[in-house]
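Working notes, structure below.
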Amino acid sequence: MRFAPSPSGDLHVGNIRTALYDWAYARHTGGTFVFRIEDTDRIRVTDEYIAAAVDTLRWLGLDWDEGPEKGGEHGPYLQSQRMDIYAGWARRFLDDGHAYSCYCTPEELESRREQARSEGRAPGYDGHCRALSPEQVAAYVAEGRRPVVRFRMPEGSTTFADSIRGEVTFDHAFVPDFVLVRADGYPLYTLAVAVDDILMKITDVLRGEDLLSSTPRQIAVYRAMGVADEDFPRFGHLPFVMGTDNVKLSKRNGEVSVAWYRHHGFLPEAVCNYLALLGWSPGEDRELFSLEEMAEAFTLERVNRNPARFDMKKLEAINGDKIRALPAADFVERILPFLATAGLVSNPVTAEERGLVEGGAPLVQERSSRLTEAVEMLGFLLVDEEHFTVEEEAAARALTPEQRPVLAAAREALAGLGEWTTSAVEAALRAALVEGLGLKPKHAFSPVRVAITGRRVSPPLFESIELLGRERSLSRLDDGLAVASGG
RNA sequence: GCCCUCAUCGUCUAGAGGCCCAGGACUCCGCCCUUUCAAGGCGGCAGCACGGGUUCGAAUCCCGUUGGGGGCACCA
């Protein structure tokens, strides 16, 4: 089990789905979950990147047994810190003939690729430098060419049992010799993964299907290292997560950054739950579960082989379910950071603010499919009175001259109220507006709602009025009246 | 072009020869509940890509076709 992202930006949805399956498989089987950072294409990854990746994984609730910040007996877990290990193996392959120096320039390769393509031949490396004579080598060196180290793919074919797809075979005729070390001396992924898998004693690899056809190359390197077949890791290739346009999910066709979902009010348990469903199912029509339940039920046999489309609507539905399932106190803790970001509570939160939040939270919890919606709905309650505003469209619809009598009657009824409770508020408003003015409840409460909350959609009105308190409520009705009067 | 791979409602999926004239969820549409919006309840639209086999019997097995995806880098 291993999860090895390469640091090309934020951890994205596809990475995380892979990590999740790796994690669940490791936990289910009691194995070791190794988190390795594949950064051979960089001098070194920034500490910020590692910190962000670690942070995202931890936020989701995934923990690893070996890797960054955790250590382990097969470290270091950053490939950029293992360069001399790879260099050692490259030298050895050169010496024993598993690899050779290739002096072809990128331009030459490109033009020969083009030619092969136009002639309908396979565009891979043509073996040009496989058997150079000492004279040819000397000539290239004299030209100042710097060689790459290229792996000599043996004849034959490779068959391996993919743990998700079953037996897969590749004829080596279609697996061209590939580069292990660049001309500047930097090792490539092709070398590093294979070496690390063996050195880190990886038993199972779950990765994207884009790597399916590079598996025979990896296996060939294991063989060259002298590793016995039974010590090779098992490979499982997961289908991609696609966007709705059926193209691999990316920045172009959707939100891919897990950090984005985090900042837009998605719960980690919802993200995990939804991602788990993209290619796996516990069966029996079950689709809501915790990470622990997933680990319990996760088997490779139940992983789907076909790619799944990412559906934001479904994610939101699950997020809403998870939000509703939160204990009330937990929900408060989850929205507090968002309220602070929105400037609706101080940081740290004061006792008074917390009181209001705790009062309002139960009203919005079941109405939110994202935490950010809860924040929007609670705004009227937490905003400083001088910053309170009524949405333009709501005012235009509900705070009109015709509604003046309604607002006035509501104000009067509430002003005379002795006990300021939800039920008292409701009774007073019903008596004044529904019975008194003969209005349908729907129409009676709409202007009041807009005056009190500033929006046409809000938490339940009577509870909101109770929480707002007498003074603030009456003052907002006064302001609403002024607006309705054309103020 | 060649190689690999995949194929159940619009989407995610259950289904591992008869339990399926295909079940659940999301979306969408009605209705109920209702102070708005949600939630909840009830109901509805909608699918086994196609063609051949195998079998008493196929969504499930085999072959082909079509379609999708991936790969063929001094990326990973």
Side-chain angles (χ1 to χ4, degrees), chain A residues 4-8 38-41 102 104-106 109-110 113 116-125 146-150 162 165 168-171 173-176 178-184 186 188-190 192-193 207-216 237 239-240 242 244 246-248 274 277-288 301-302 304-318 320-321 324 364-369 373 377 398 426 429-430 433-434 440-446 448-450 453 455-464:
Chain A
S6 36
S8 51
E38 293 183 342
D39 57 343
T40 53
D41 61 336
C102 168
C104 298
T105 64
L109 293 172
E110 181 54 35
R113 246 196 305 275
R117 244 188 261 275
S118 68
E119 290 170 10
R121 301 196 327 268
Y125 187 67
R146 308 249 321 225
V148 300
V149 178
R150 200 178 275 280
D162 190 286
R165 289 155 199 271
V168 180
T169 299
F170 285 90
D171 188 324
F174 305 109
V175 185
F178 53 96
V179 175
L180 296 173
V181 182
R182 309 201 309 194
D184 63 11
Y186 275 97
L188 254 22
Y189 163 85
T190 48
V193 255
R207 42 155 40 164
E209 65 169 320
D210 51 333
L211 263 9
L212 183 59
S213 53
S214 87
T215 305
H237 292 91
F240 285 132
M242 317 293 270
T244 45
N246 207 33
V247 173
K248 187 177 171 183
Y274 177 65
L277 254 16
L278 252 30
W280 176 80
S281 144
E284 294 173 350
D285 295 339
R286 198 152 129 69
E287 57 175 23
L288 256 26
E301 293 73 54
R302 296 198 63 90
N304 270 100
R305 289 184 288 271
N306 50 322
R309 251 79 27 193
F310 187 90
D311 181 6
M312 183 74 89
K313 287 270 182 45
K314 177 94 175 184
L315 206 210
E316 284 185 340
I318 288 177
D321 283 330
R324 266 171 254 121
V364 299
Q365 181 169 1
E366 68 169 14
R367 296 182 155 69
S368 308
S369 58
E373 291 174 43
M377 285 190 279
E426 175 167 8
L429 288 178
R430 280 191 192 280
L433 308 182
V434 180
K440 289 230 187 286
K442 190 173 182 169
H443 299 115
F445 302 128
S446 181
V448 180
R449 180 185 308 283
V450 170
T453 67
R455 305 167 41 141
R456 300 183 67 212
V457 173
S458 80
L461 183 58
F462 313 125
E463 285 85 345
S464 298

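Per chain, numbering begins at 1; letters A, B, ... match sequence-line order.
Backbone-only engagement by A/S281 is indicated by non-hydrogen atom pairs under 4.0 Å involving sugar-phosphate atoms exclusively. Residue contacts for A/P459: at a heavy-atom cut-off of 4.0 Å it reaches a base atom on one of the strands shown. Here A/C102 lies out of heavy-atom contact (under 4.0 Å) with every strand. Base engagement by A/P106 is indicated by at least one non-hydrogen atom pair under 4.0 Å involving a base atom. Here A/L461 lies in heavy-atom contact (under 4.0 Å) with a base. As judged by a 4.0 angstrom heavy-atom cut-off over every strand, A/G320 is placed among residues making no nucleic acid contact. Among the heavy atoms of the strands lying under 4.0 Å from A/V148 is at least one base atom, whether or not backbone atoms are also near. Among the protein residues, A/T169 comes within range of the sugar-phosphate backbone only, with heavy atoms under 4.0 Å from sugar or phosphate atoms but none that close to a base. Note on A/V168: only backbone sugar-phosphate atoms sit closer than 4.0 angstrom, heavy atoms only; bases stay farther off. Residue contacts shown for A/Y189 include a base, since a base heavy atom lies under 4.0 Å away. Residue A/F178 is classed as having no contact, given no heavy-atom separation below 4.0 Å to the nucleic acid.
Using a 4.0 Å cut-off, no side-chain N or O of A/R121 falls inside it from OP1 or OP2 of B/rG1. For A/T40 and B/rA76, the shortest distance from a side-chain N or O to OP1 or OP2 is below 4.0 Å. Distances shown here put a side-chain N or O of A/R113 below 4.0 Å from the OP1 or OP2 atom of B/rA73. The side chain of A/N304 places no N or O atom within less than 4.0 Å of a non-bridging phosphate oxygen (OP1 or OP2) of B/rU8.
Summarising the geometry, the separation between CZ on A/R286 and P on B/rC12 is reported as 22 Å, rounded to the nearest angstrom. Here B/rC6 presents its P atom at 6 Å from CZ of A/R305, a figure rounded to the nearest Å. As rounded to whole Å, 8 Å separates atom C1' of B/rC6 from atom CD of A/E209. Rounded to whole Å, atom P of B/rC75 lies 14 Å from atom CG of A/D39. Following rounding to the nearest Å, A/F174 (CZ) and B/rC3 (P) show an atom-to-atom distance of 5 Å. Rounded to whole Å, atom P of B/rG69 lies 14 Å from atom CG of A/N306. At whole-Å resolution of the value, CG in A/L288 and P in B/rC12 are 19 Å apart. As rounded to whole Å, 14 Å separates atom P of B/rC2 from atom CZ of A/R117.
With rounding to the nearest 0.5 angstrom, the OH atom of A/Y125 is 6.5 Å from the CG atom of A/L109. Atom OG in A/S369 sits 10.0 Å away from atom CG in A/D321 (nearest 0.5 Å).
Nearest-nucleotide positions on RNA chain B for A/M377 and A/R150 put A/M377 closer to the 5' end. Mapping A/L278 and A/R146 onto RNA chain B by nearest heavy atom places A/L278 at the nucleotide closer to the 5' end.
A salt bridge between A/E110 and A/R113 is present, with a side-chain N of the basic residue lying under 4.0 Å from a carboxylate O of the acidic one. Checked for salt-bridge contact, A/K313 and A/D311 miss the test: no charged N lies under 4.0 Å from a carboxylate O.
Considering every non-hydrogen atom in both A/V181 and A/V179, the closest pair reads O-CG1, 3.4 Å. Here the closest heavy-atom approach between residue A/G124 and residue A/P176 is recorded as CA-CG, 3.7 Å.
Closest to the side chain of A/L212, from the set B/rG69, B/rC26, B/rU5, is B/rU5. Distances were taken from every side-chain heavy atom of A/R302 (C-beta onward) to each of B/rC3, B/rC6, B/rG15; the shortest belongs to B/rG15. With B/rG69, B/rG71, B/rU5 as the candidates, the nucleotide lying closest to the side chain of A/M242 is B/rG69. You'll find that the side chain of A/E287 is closest to B/rG24, out of B/rG24, B/rU35, B/rG1. Side-chain atoms of A/R309 lie closest to B/rU11 of the nucleotides B/rC3, B/rU11, B/rC72. When distances run from any side-chain atom of A/D285 to the nucleotides B/rA73, B/rU36, B/rG23, the shortest one goes to B/rG23. Ranking B/rC74, B/rC26, B/rU36 by closeness to the A/P460 side chain, first place goes to B/rU36. Distance from the side chain of A/D210 is smallest for B/rG70 among the nucleotides B/rG70, B/rC12, B/rA25. Candidate nucleotides B/rC3, B/rC74, B/rA76 were compared by shortest atom distance to the side chain of A/A183, and B/rC74 ranks first. Checking B/rG40, B/rC26, B/rC74 against the side-chain heavy atoms of A/R324 singles out B/rG40 as nearest.
One P atom belongs to B/rA16, the other to B/rG71, and the distance between them is 34 Å to the nearest Å. Spacing between B/rG68 and B/rG15 at atom C1', rounded to whole Å, works out to 22 Å. Distance noted for atom P between B/rC4 and B/rC56: 34 Å (whole Å). With both ends at atom C1', the span from B/rG64 to B/rC21 equals 28 Å, rounded to whole Å. The gap from the C1' atom of B/rC62 to that of B/rC19 amounts to 25 Å, rounded to the nearest Å. Between B/rU27 and B/rG69, the distance separating the two P atoms is 27 Å to the nearest Å. Here, B/rG53 and B/rU11 have their P atoms 30 Å apart, quoted to the whole Å. If you take atom P in B/rU34 and the same atom in B/rC29, they sit 23 Å apart, rounded to whole Å.
As the counterpart of B/rA49, B/rU65 is assigned, both hydrogen-bonding distances of the Watson-Crick or G-U wobble pattern falling under 3.5 Å. Remark: B/rC72 base-pairs with B/rG1. Criterion, Watson-Crick or G-U wobble with two distances under 3.5 Å. Base pairing of B/rC26: its partner is B/rG10, meeting the Watson-Crick or G-U wobble criterion (both donor-acceptor distances under 3.5 Å).
One donor-acceptor pair, N or O on each side, does fall under 3.5 Å between the base of B/rC37 and the side chain of A/R367. Interface remark: the A/R456 side chain does not form any donor-acceptor pair with the B/rU36 base, using a distance-only criterion of under 3.5 Å.
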Side chain to side chain contact (heavy atoms under 4.5 Å, CB included) assessment of A/L212 paired with A/D162: CA-CA 9 Å; A/L212 183 59; A/D162 190 286; 3.8 Å; yes

Verdict with supporting geometry, A/F178 and A/S214, side chain to side chain contact (heavy atoms under 4.5 Å, CB included): CA-CA 10 Å; A/F178 53 96; A/S214 87; over 6 Å; no

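If you check the side chains of A/R207 and A/T215, you find a donor sitting under 3.5 Å from an acceptor.
Panel note: side chain A/R367, backbone A/P459; no donor-acceptor pair is recorded below 3.5 Å.
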